[in-house]
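Comments concern the structure below.
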Amino acid sequence: MRKKIVAGNWKMNNDEIESQRLINSIIEKKLDNNCEVYVSPSFPFLKDAIKLCDKTNIKVLAQNVSHEIEGAFTGDVSCKMLDSLEVKSVIIGHSERRTIFKEDNNMLLNKLKLCFKNNFQVFFCIGEDIDARKSEEQFFVIEDQLNKTVFQLENIDPNKLIIAYEPVWAIGTGLSATPNQAQEMHKFIREKFKNKFSESISEKLSIIYGGSVKPSSAKEIFAQNDVDGGLIGGASLKSNDFADIVNSI
Ligand code: 13P
């Protein structure tokens with residue numbers, strides 16, 4: 001059985017008090033025990049989050065990590081720093097990092113290598129933009145993103161890697177991929193992992209969907225064979241919506 005995962009990507013939202021309130025409110029909800037649940041406050045509030053989530057089933061996820069070990073990288077946060085807070089899960093390759101902050105495949109590959117060396121769990125995001133989807137090049141784009149990053153690695157541990165398929169055109173637009181579109185792409189991704197690594201790895205790999213998942217759409221998307229959960233943006237900022245999405249798994 002593959003792990004079922006629902007993670008909230010809070011992005012640059014919530015100050016200290018708001019972050020604490022949201023976590024406390026999520027802790028109070030009755031959440032499906034079969035689902036791994038993650039929250040991701042911004043860096044300054046990770047320590048609070050770790051404390052609040054201690055002795056609960058909720059895990060804490062960082063939204064980013066540096067591609068370098070340490071040194072003159074103003075504003076960056078390293079694996080070692082996260083480790084010292086006991087944060088061992090990170091998001092890498094989010095389309096906002098790729099487009100706004102110009103993180104390229106080389107940098108993402110460095111991040112992947114550092115994270116795995118430091119025994120982190122990585123949520124690795126891939127996804128095509130609207131032009132690629134319109135010109136039906138989505139499979140080519142996804143394969144290219146994988147070839148230049150994860151598939152540069154000799155091996156992967158499916159317990160340490162989660163692939164988040166997030167079509168860029170679905171992020172924050174209210175226009176989710178249809179369950180069929182998600183399933184078709186997740187199946188394609190799993191097939192690529194099978195060809196690159198092994199069937200056993202591909203069968204253990206959790207592939208989650210992100211992009212305008214709402215309580216009303218989660219159930220049908222999560223019901224697809226190759227969809228193992230979701231990476232949730234806007235709807236993860238409201239505890240009721242987030243809990244409903246978790247319980248749609
Ligand atoms: P939305 O759920 O707000 O579309 O964001 C998805 C996302 O970017 C998760 O990483």
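One-based numbering, in listed order, for ligands and for the atoms of each.
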Hey, which atoms in ligand 1 end up nearer than 4.0 Å to a heavy atom of [X]?
X	answer
G234	1 (P), 2 (O), 3 (O)
G211	4 (O), 6 (C)
N9	9 (C), 10 (O)
A170	4 (O)
S212	1 (P), 2 (O), 4 (O)
H94	7 (C), 8 (O), 9 (C), 10 (O)

Please check whether [X] reaches ligand 1 - meaning an N/O of the residue sits under 3.5 Å from an N/O of the ligand, judged on distance alone.
X	result
I232	no
E96	no
G233	yes
G172	yes
E166	yes
K11	yes

Please determine, by modelled atom types, if [X] and [Y] share a side-chain donor-acceptor pair under 3.5 angstrom.
X	Y	result
S66	D76	yes
H94	E166	yes
N147	K196	no

Counting N and O atoms only, with roles assigned by atom type, does the side chain of D157 sit under 3.5 Å from a partner on the main chain of N159, one being a donor and the other an acceptor? yes
Taking the six-membered ring of F193 (Phe, Tyr or Trp), confirm whether the NZ or CZ of R190 is under 6.0 Å from its centre and within 45° of its axis.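 Negative - R190 is either too far from the ring of F193 or too far off its axis.
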Y165 and side chain to side chain donor-acceptor pair (under 3.5 Å): which partner among Q138, H186, E128?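 Only one of Q138, H186, E128 forms a side chain to side chain donor-acceptor pair (under 3.5 Å) with Y165, namely E128.
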Below 6.0 angstrom between ring centroids: does that apply to Y209 and F222? no
Between D83 and K88, does any side-chain N to carboxylate O distance fall below 4.0 Å? yes
